[in-house]
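Structure first, commentary second.
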Protein chains: 2
Amino acid sequence: MNRPMRTRRQATLASLAAELGVSRTTVSNAYNRPDQLSPELRRRVLETARRLGYPGPDPVARSLRTRKAGAVGLLLTENLSYAFRDPAAVGVLEGLALACEDAGVGLHLVPASPGREDVAAVHRAGVDGFVVYSVPDDDPHLAAVLSRPVPTVIVDQPQVEGVDRVGPDDEAATVDLANHLVNLGHRQVGVLCMRLARDRNDGFAPLRRQHEAHYHVQRTRLAALAKTFEKAGVDWASVPVVERFEHSVDEGASAARQLLDAHPGVTALVCTSDILALGAIAEVRRRGLRVPADLTVTGFDGIAEATRAGLTTVHQPVLEKGRAAGKLLLSAGDRVSPKVITLPTELRIGTTSAPPRTAEERWFGP
Amino acid sequence: MNRPMRTRRQATLASLAAELGVSRTTVSNAYNRPDQLSPELRRRVLETARRLGYPGPDPVARSLRTRKAGAVGLLLTENLSYAFRDPAAVGVLEGLALACEDAGVGLHLVPASPGREDVAAVHRAGVDGFVVYSVPDDDPHLAAVLSRPVPTVIVDQPQVEGVDRVGPDDEAATVDLANHLVNLGHRQVGVLCMRLARDRNDGFAPLRRQHEAHYHVQRTRLAALAKTFEKAGVDWASVPVVERFEHSVDEGASAARQLLDAHPGVTALVCTSDILALGAIAEVRRRGLRVPADLTVTGFDGIAEATRAGLTTVHQPVLEKGRAAGKLLLSAGDRVSPKVITLPTELRIGTTSAPPRTAEERWFGP
DNA sequence: CTGAAAGCGCTAACAT
DNA sequence: ATGTTAGCGCTTTCAG
């Protein structure tokens, strides 16, 4: 294959029209409405276009005129490295991309790493709408998105009144999971959770920080755990909650280490994501303990690797979540009231949860 | 958080200027060149903008005027489902996204599934350049991209004269790998490869199909294998090559099954990707054979899961590949001759390759 | 520091 | 079936 080096934009629709001695409309029609002109003329137009090196209508100019960008923006204020490494996030991305593909529109990833305070990229994105995925409620990028006159759909978090949202019922799902543990007999639990706010805190998260979390999903899950365990007679204030800023298996392991070092008496580690849970399991085993005989570990998301590992977790249809968000956005026509789509979740009891060992067992072995 | 439902675009830069009794230039400057007007006036402009619900300069109109879209397009004519499931592809995507992030430009995923013949999406994408990742040389989307007057960088394949390219030296890397097998003593090998053309062929690929493959990477790897094994006295025409259209672990397993059913005598399965190799290993084990004692299996890419599995493979820096492509594109300024970046690869000998069993061993056990 | 003028390249009524 | 007209909303010399 070969190809000449281009100089710069050579021809425009107007110059082509001039060359041909026809109007611009005709040339435009040749590209956009083939049925509006004779096949013969159309052939001539296209032929001349090729000769002059006219690449077809400029997409930006067309967008300006038609008021359609032909793309949806995706705001993801997470380090891409972590986003792409979390199968749950990849699933959402994939589902969204599929919805876009079906509609023939592009998916525009907005450059917005967590550190970046520069919101200009949001304003510069030529898109017909935004999908916002899992950002904190005080993120400036989010505010920038909401200030733009295009429809927006938020996936998972935050909840913003008047804005479409797609996500699971974190509250109900977490209550189910917690009840499973309560029913098994666990009363001494520890929690591993993801980032609660934009400021980094790799360590224990006091009650106040839990309550004021800017990540609605984490806040809700913690609250649901608190509610359920308190109902079972557990004093939540005494339950250790370890937070991690980065979301990776390794961080899950280190969080488990930190928690178990300080609270060796816990009988279950509840993790707010499978990724963290997988790390926790690794750490527990590293300590020579068995899962679930010595320690129960649970996750959240239901990613494939968790299933393979037999993790007790809450499964949510991540691909469908992304797809639903895309469809919702692209059908955003003239809906009146904002729509909230709640996705089904399923408690999947695996082989990582079991009744706690009794004190005697712990001292004298099984 | 709350937010009023928007009606439609309410104010423009012009109407704002009118309202304020200043020129449009001034309003524009308030947004783009704050140093060009008094802080006081600027404050007034922004304040009035808020009051009128003016969301700031329209990105599309700005792009038209400045001739900068602020985004790079990514052409990926693979099913997104598969693309996102292959860590090698995700790595490339991630690296590219990082490069875009650094430059503050968006990454526009062009909707182009393999089946789609509709190339309009390429023409509709408002981007300043394209990265093309691993498409067949006869893909119409590729032609559409090349017809657009913007710089383009191709990752891996195809090789197009005059177009920038980033990729490993597939030839050299594959020769190294093949020599490793030759040196171990393998002469009866089977090959599992990815799609060779746009038409589906799940099965054996005859010589002719190998030679005429439209996927340059696969063609090159096969050719390198052929060359090296022929040099070792193997008649390549007799070497079974099984092709799979879809790229997944399961397909790798099924390909291995197909190959081993027909050619139980092979001592090594050479796979052109780690994904296929992982499937092959699964199938070999399913048959009650041991890797590498009974059968050697090798891959290509060096994805994390392969490393964990101890796979003998060729590692390539996929993230760097994506990043390099992005950087190259974004610096495309006024380079004269096209640039080709060759990334280093490394033969990683793992625990899945060993000398072939002798015939006696095969009959009488080790 | 501010304004006037001149388009960027295209499409969509509305004629003819 | 083709042309005329009228912008889409913005930025950018170049003068004041």
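Treat the numbers as computed from the prediction; the structure is a model and nothing was measured. A note on names: the letters A, B, ... follow the listed sequences, proteins ahead of strands, and every chain is numbered from 1. Excluded from the calculations below are hydrogen atoms, water molecules and symmetry mates; all remaining heavy atoms, backbone and side chain alike, are included.
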- [ ] Looking at every strand, decide which applies to Val60(B) at a 4.0 Å heavy-atom threshold: base, sugar-phosphate, or nothing.
- [x] nothing
Task: Within residues 28-36 of chain B, residues whose heavy atoms come under 4.0 Å of DNA chain D - done: Ser28(B), Asn32(B)
Task: Between P of dC10(C) and NE2 of His123(B), the distance in whole Å - done: 12 Å
Open item on the list: Would you say Arg24(A) places a side-chain N or O within less than 4.0 Å of OP1 or OP2 belonging to dC10(C)?
Closed with: no
- [ ] Would you mind telling me which residue lines up with the more 5' stretch of DNA chain C, Leu64(B) or Leu37(B), judged by nearest nucleotide?
- [x] Leu37(B)
- [ ] Indicate whether the side chain of Asn29(A) and that of Arg42(A) have a donor and an acceptor atom separated by less than 3.5 Å.
- [x] no
Open item on the list: How many whole angstroms separate atom CD of Glu40(B) from atom C1' of dT2(C)?
Closed with: 15 Å
TODO: Spell out, as yes or no, whether a donor-acceptor pair under 3.5 Å connects the side chain of Asp58(B) to the backbone of Ala61(B).
DONE: yes
TODO: Send over the distance from Leu13(B) CG to dC10(D) C1', rounded to a whole Å.
DONE: 7 Å
Open item on the list: Salt bridge check, Glu94(B) against Arg85(A): does any charged N sit closer than 4.0 Å to a carboxylate O?
Closed with: yes
Open item on the list: Using the side chain to side chain donor-acceptor pair (under 3.5 Å) definition, which of the options Gln157(B), Gln159(B), His214(B) pairs with Asp137(B)?
Closed with: His214(B)
Let me have the donor-acceptor pairs involving side chains of residues 321-329 of chain B, under 3.5 Å, with sequence neighbours excluded, atom names and distances please.
{"residue": "Lys321(B)", "atom": "NZ", "partner": "Asp156(B)", "partner atom": "OD1", "Å": "3.0"}
{"residue": "Lys321(B)", "atom": "NZ", "partner": "Asp156(B)", "partner atom": "OD2", "Å": "2.8"}
{"residue": "Lys321(B)", "atom": "NZ", "partner": "Gln316(B)", "partner atom": "OE1", "Å": "3.0"}
{"residue": "Arg323(B)", "atom": "NE", "partner": "Glu320(B)", "partner atom": "OE2", "Å": "3.4"}

- [ ] Examine dG3(C): is either OP1 or OP2 under 4.0 Å from a nitrogen or oxygen in the side chain of Ser23(B)? Give yes or no.
- [x] yes
TODO: Let me know the distance between CG of Asp58(B) and P of dT11(D), rounded to the nearest Å.
DONE: 9 Å
- [ ] Rounded to the nearest angstrom, tell me the gap between atom CZ in Arg62(A) and atom C1' in dT11(C).
- [x] 9 Å
Task: Proximity to the side chain of Thr26(A) - top-ranked nucleotide from dT11(D), dT2(D), dG9(D) - done: dT2(D)
Open item on the list: So for Thr25(A) and dA12(C), does any side-chain atom that can act as donor or acceptor lie under 3.5 Å from a complementary atom in the base?
Closed with: yes
Open item on the list: Is the phosphate of dG9(D) approached by Arg67(A) (side-chain N or O, under 4.0 Å from OP1 or OP2)?
Closed with: yes
Open item on the list: Less than 4.0 angstrom from a charged side-chain N to a carboxylate O is my criterion; do Glu19(A) and Arg51(A) meet it?
Closed with: yes
Task: Which residue lies more 5' along DNA chain C, comparing Arg65(A) with Thr66(B) via nearest heavy atoms - done: Thr66(B)
Open item on the list: Looking at Glu40(B) and Arg43(B), is there a salt bridge between them, counting it only when a charged N and a carboxylate O are closer than 4.0 Å?
Closed with: yes
